Amino acid sequence: MSNPWKRTKLKLKIAANKIPLDSFSESKILNPDRIIEVSIPIKLDNGKVKVFKGYRVQHDNTKGPYKGGLRYHQHVDMTEVKALATLMTIKNAVVDIPFGGAKGGICVDPKKLSVTELEELTREFTRKLAPIIGPKLDVPAPDVNTNPNIMRWIVEEYSKVVGKKELAVVTGKPIDFGGSEGRTEATGLGGYYVLQEIVKKLYKKPENLTVAIQGFGNVGLYLAVFLVKAGYKVVAISEEHGGIYIPEGIKDIDDLFKCKEKNGKLKGCIEGAKNIGPAEVLELPVDIIVPAALGNAITTENVNKIKAKIVLEMANGPTTSKADEILTKKEVLVIPDILANAGGVAVSYFEWYQNVHKEKMTKKEVFKKLEVKMKSAVDAVYETADTYDVDLRQASYVLALKRLTEKA
Ligand code: NAD
């Protein structure tokens with residue numbers, strides 16, 4: 001099923017039937033609260049005017065302000081934004097943070113704009129969104145092709161509209177501009193905490209487990225750093241140009257990253273390592289594979305070549321529905337994205353909390369709080385999986401729906 005909105009609704013319906021949810025609650029969860037489309041006209045550097053389309057979908061605010069990223073990409077459309085907004089509601093409920101779910105974006109290829117044009121686009125988008133965002137209302141964050149600097153522009157523009165500085169209107173800001181310590185590492189570290197807890201439940205030891213990671217960006221890098229530190233044998237890493245495989249394990253992830261940054265590729269960074277293709281990493285004879293790059297990385301094309309017994313989904317939506325069914329039949333343990341990569345939004349909540357309460361946490365405090373959040377989410381998902389006799393993905397959906405519909 002290629003329509004992400006239909007796919008998400010189907011998963012929600014299956015989970016709703018398990019509980020079962022009453023028809024009012026089910027209808028509420030299947031229909032976003034508010035769908036906004038705005039026009040964003042800007043003057044380009046060449047003097048011409050171009051009008052872009054911007055979106056914000058506020059799915060549900062039962063648990064707190066709407067929360068979710070803003071994506072700048074030429075493929076952004078309403079069906080995708082609706083699905084992603086819904087998944088944010090579910091993810092936030094799984095890690096039990098007091099936020100609802102939202103997502104937004106602009107249909108634009110930001111690489112085709114100058115910095116001045118990008119800034120004007122962001123400021124005009126902010127002016128259009130200003131009536132429906134705010135620290136207690138809806139709190140955007142970075143997503144694909146948006147970054148801390150873009151968040152700074154949003155804060156500045158929103159603050160002008162409301163007449164006071166409002167750092168808490170977005171998260172993912174630069175550290176010297178209200179951002180949180182530990183946000184950079186948060187998603188990778190959160191995934192590491194989740195895996196540690198599950199490995200413990202399986203009575204396995206990190207030093208006996210081999211791992212292959214697809215993606216060496218923000219998520220893949222920090223996950224690899226924490227895994228190696230804990231004793232896991234990370235034997236392969238790939239990025240879009242290809243990867244390396246070294247059965248003895250990679251000793252120093254920082255060094256590898258520096259080499260990749262210097263040479264622009266992983267190839268040649270470790271003597272004796274075998275060069276592999278970007279997707280081959282998922283087919284290696286290892287215990288754990290980690291898709292940490294793009295969506296739809298595991299499909300019916302490659303699922304039968306997977307040898308690992310554990311999949312840690314760090315990317316959003318890395319497994320298609322059909323491939324997911326096949327993995328379940330093969331008794332592969334899939335740790336779903338809505339649990340595995342929720343560390344990022346958990347630390348976004350800590351950032352918002354610090355802004356609202358005018359506090360500053362140290363990195364150590366942020367890491368400790370993240371560990372507690374992720375480990376208790378794993379325990380709750382396992383308990384739900386036992387109670388309803390379902391896999392971890394379905395259990396995460398069921399847990400989220402129960403939390404969203406429980407009476408106060
Ligand atoms: P990033 O842009 O920093 O890194 C992406 C990495 O994937 C790069 O190393 C790139 O070379 C690699 N890549 C791209 N195409 C590839 C291919 N075909 N094969 C192998 N590698 C490929 O992105 P990121 O922030 O690390 O995010 C990675 C994934 O995690 C995305 O799916 C994102 O939606 C998801 N995610 C990220 C966060 C976060 O906080 N950054 C939070 C939740 C989910």
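Both ligands and their constituent atoms are indexed starting at 1 by order of listing. Just so we're clear, the structure is a prediction, and the values are computed from it rather than from any experiment.
- The shortest side-chain heavy-atom distance between M374 and E197 does not fall under the 4.5 Å cut-off.
- Salt-bridge formation is detected for the pair R123/E156: a Lys NZ or Arg NE/NH1/NH2 atom is positioned less than 4.0 Å from an Asp or Glu carboxylate oxygen.
- Within 4.0 Å of ligand 1, counting heavy atoms only, the contacting residues are R183, T187, Q214, G215, F216, G217, N218, V219, S238, E239, E240, P278, A292, A293, L294, M314, A315, N316, N341.
- When the options K103, K6, R71 are evaluated for a salt bridge (Lys or Arg N to Asp or Glu O under 4.0 Å) with E80, the one that passes is R71.
- Crowding of N46 atom CG: a count of heavy atoms from other residues, nucleotides or ligands under 6.0 Å exceeding 12.
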Exercise. Let me see the working for T319 and E313 under side chain to side chain donor-acceptor pair (under 3.5 Å), right down to the final yes or no.
Key: CA-CA 8 Å; T319 312; E313 289 188 341; 2.5 Å; yes
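- Remark: of the listed residues K329, R393, K330, R7, R393 is the sole one forming a salt bridge (Lys or Arg N to Asp or Glu O under 4.0 Å) with D324.
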